[in-house]
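Quick caveat: nothing in here was measured; it's all calculated off a predicted structure. Quick note on labels: first sequence line is chain A, next is B, and so on, each numbered from 1.
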There are 2 protein chains.
Amino acid sequence: MILEKIQNSDQPLCAQQIYEEMKEALDLATVYRGLKYLEENSEISSFLLDCSERGVERYYSSFFAHHKHYMHCMACHRFTPIDTCPLGGFESLEKKTGFRIDEHFLTLKGLCKKCQNK
Amino acid sequence: MILEKIQNSDQPLCAQQIYEEMKEALDLATVYRGLKYLEENSEISSFLLDCSERGVERYYSSFFAHHKHYMHCMACHRFTPIDTCPLGGFESLEKKTGFRIDEHFLTLKGLCKKCQNK
DNA sequence: AAGTTTTTGCAACTGATTTGCATAAATTAT
DNA sequence: ATAATTTATGCAAATCAGTTGCAAAAACTT
């Protein structure tokens with residue numbers, strides 16, 4: 001049920017948002033338990049968003065599970081997906097530093113098209 | 001005093017770490033108040049690190065104020081600074097999506113040179 | 001030194017998330 | 001289908017990072 005809600009959304013969702021839409025059916029604790037289960041089983045993945053207006057919240061997405069980045073609009077707080085990862089290969093960085101990069105997380109913030117024209 | 005501690009560290013520090021080193025002199029609430037003040041006055045800046053072992057914590061750095069990225073080692077939890085930002089220009093992304101990118105945050109995780117050889 | 005402003009410690013609070021626990025629902029065995 | 005066992009749920013309390021109210025302490029003013 002939670003998985004469906006996430007899969008059917010074009011936006012990453014946070015626990016509160018999911019809970020809002022199914023509060024007659026599920027407890028908030030159950031939502032968190034479900035999200036934890038889904039993430040542990042790689043059905044979804046999550047990232048933290050540090051938003052000056054809305055604070056720190058974890059957002060869940062099923063697309064993100066296959067490496068997806070988003071741009072976050074600081075005005076409307078919606079996410080715009082990015083088709084191709086803007087991060088080039090890290091080979092030169094790895095060679096230079098000896099650090100082996102396993103994961104990367106990218107947060108882009110700005111104003112989406114609509115909000116620029118307001 | 002807090003600013004000095006951050007400036008003299010080669011690592012971004014979180015509130016707890018700063019507090020640990022000066023707990024005889026300052027209360028944790030005062031550390032947070034100081035950090036808030038410093039960040040508001042652009043002496044330092046901060047980023048969130050979502051670490052599976054240590055949880056979510058905000059790290060403060062004075063270097064970061066002039067746009068600095070780090071790679072976080074998942075074993076020793078130390079940060080390795082990155083000299084040049086690995087993110088290319090966002091112009092093509094902006095042109096394609098209409099989104100205006102104002103800020104970007106990049107978290108790279110992996111194993112630092114030392115921890116790979118353990 | 002008395003009065004005013006700022007900073008501090010401490011404790012209580014917040015908000016997101018987690019957990020204990022007893023109950024309810026689902027699953028399996030009888 | 002029915003008792004026994006496992007799993008999932010709701011609810012409330014706990015947790016954890018971070019914030020805030022408030023009275024006392026320190027720093028400034030005059």
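- Here the side chain of Gln116(B) pairs a donor or acceptor atom with the backbone of Gly98(A) at under 3.5 angstrom.
- Residue-level contact check: Leu28(B) touches neither bases nor backbone, having no heavy atom under 4.0 Å from any strand.
- Contact annotation: Thr30(A) reaches the phosphate of dG10(D) (side-chain N/O to OP1 or OP2, under 4.0 Å).
- Regarding Leu38(B), its CG atom lies at a distance of 15 Å from the P atom of dG18(D), rounded to whole Å.
- Between Arg54(B) and Ala29(B), it is Arg54(B) whose nearest contact on DNA chain D lies nearer the 5' terminus.
- At a threshold of 4.5 Å between non-hydrogen side-chain atoms, the residues Val56(B) and Arg58(A) count as touching.
- The CD atom of Gln17(A) sits 11 Å away from the P atom of dT17(C) (whole-angstrom rounding).
- A salt bridge is defined here as a Lys NZ or Arg NE, NH1 or NH2 lying under 4.0 Å from an Asp or Glu carboxylate O, and Arg54(A) with Glu57(A) fails to meet this definition.
- In this entry the distance linking CD1 of Ile18(A) with P of dT17(C) reads 10 Å, nearest Å.
- Comparing atom distances between the Tyr32(A) side chain and each of dC10(C), dT18(C), dG10(D) picks out dT18(C) as nearest.
- Lys23(B) has no side-chain polar atom (N or O) that falls below the 4.0 Å cut-off from OP1 or OP2 of dG9(C).
- Between Lys36(A) and dT19(C) there is a side-chain N or O to OP1 or OP2 distance below 4.0 Å.
- In this structure, Leu26(B) atom CG and dA25(D) atom P are separated by 18 Å, rounded to whole Å.
- One atom, OH of Tyr37(A), and another, C1' of dT7(D), lie 12 Å apart when rounded to the nearest Å.
- Across the interface with DNA chain D, nearest-nucleotide mapping of Arg33(B) and Ala15(B) shows Ala15(B) to be the residue nearer the 5′ end.
- Nearest nucleotide to the Asp27(B) side chain, out of dT20(D), dG9(C), dG10(D): dG9(C).
- To the nearest angstrom, P of dC16(D) lies 16 Å from CZ of Arg58(A).
- Here dT8(C) presents its P atom at 15 Å from CD of Glu24(B), a figure rounded to the nearest Å.
- Distance from the side chain of Gln16(B) is smallest for dA17(D) among the nucleotides dG9(C), dT9(D), dA17(D).
- If you measure from atom CD of Glu57(B) to atom P of dT17(C), you get 16 Å, rounded to the nearest angstrom.
- Of the N and O atoms on the side chains of Tyr70(A) and Ser61(A), at least one donor lies less than 3.5 Å from an acceptor on the other residue.
- A heavy-atom distance below 4.5 Å is found between the side chains of Tyr59(B) and Phe79(B).
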